[in-house]
Amino acid sequence: AAQLAPLLSSGRVAALACLLVLAVHAVAMLGGCALLGAVGLRVPLPVLLLASNANVGGAGTAVAMASAMGWHSLVPAAAACGTCGYAVATLAGVALHGRLVTL
């Protein structure tokens with residue numbers, strides 16, 4: 001049987017960890033846009049929102065969002081961004097696993 005007490009007791013810590021991850025994500029996305037803006041490159045809001053969605057939710061949710069919002073020209077970019085995110089995250093996870101196993 002599942003033990004709910006440990007899960008419920010760690011709920012606050014898990015929620016804080018999620019908030020930390022999302023805060024770092026928001027700072028990185030907005031900071032990246034600010035840096036691009038400083039050199040004269042403006043990032044349109046739909047592109048920023050889809051990139052954020054692809055990074056947090058993956059290719060499937062980004063493609064669904066682009067389609068639902070009527071941004072049909074951005075569907076391939078959303079799929080590519082999400083797929084590249086899967087590739088980078090997989091490599092990072094394998095590297096982290098290899099590092100943690102040696103500790």
Output all residues satisfying side chain to side chain contact (heavy atoms under 4.5 Å, CB included) with V75, sequence neighbours left out; order by chain, then residue number. V63, A66, S67
Do the side chain of S52 and the main chain of L48 share a donor and acceptor less than 3.5 angstrom apart? no
Can you name the residues that form a side chain to side chain contact (heavy atoms under 4.5 Å, CB included) with L91, not counting sequence neighbours? none
Pairing residues for N55 by the side chain to side chain donor-acceptor pair (under 3.5 Å) criterion, not counting sequence neighbours: none
Tell me if a side-chain donor or acceptor on Y86 pairs with a main-chain N or O of A59 at a distance below 3.5 Å. yes
Applying side-chain contact (heavy atoms from CB on, under 4.5 Å), run through L49 and W71 and close with a yes or a no. CA-CA 11 Å; L49 293 174; W71 303 328; 4.1 Å; yes
Which residues pass the side chain to side chain contact (heavy atoms under 4.5 Å, CB included) test with L35, sequence neighbours left out? none
Listed once per pair and sorted, the side-chain hydrogen bond (donor to acceptor under 3.5 Å, both in side chains) pairs that draw on residues 28-45, sequence neighbours left out: none
With L100 via side chain to side chain contact (heavy atoms under 4.5 Å, CB included) - residues at least two apart: L96, L103
Shared ILVMFWY cluster between M29 and L36, side chains joined below 4.5 angstrom? yes
Can you tell me how far the CG atom of L50 sits from the CG atom of L74, to the nearest 0.5 Å? 5.5 Å
Can you find a heavy atom in the side chain of M69 that is under 4.5 Å from one in the side chain of P46? no
Taking every heavy atom of V43 against every heavy atom of V47, the minimum-distance pair comes out as CG1-CG1, 4.1 Å
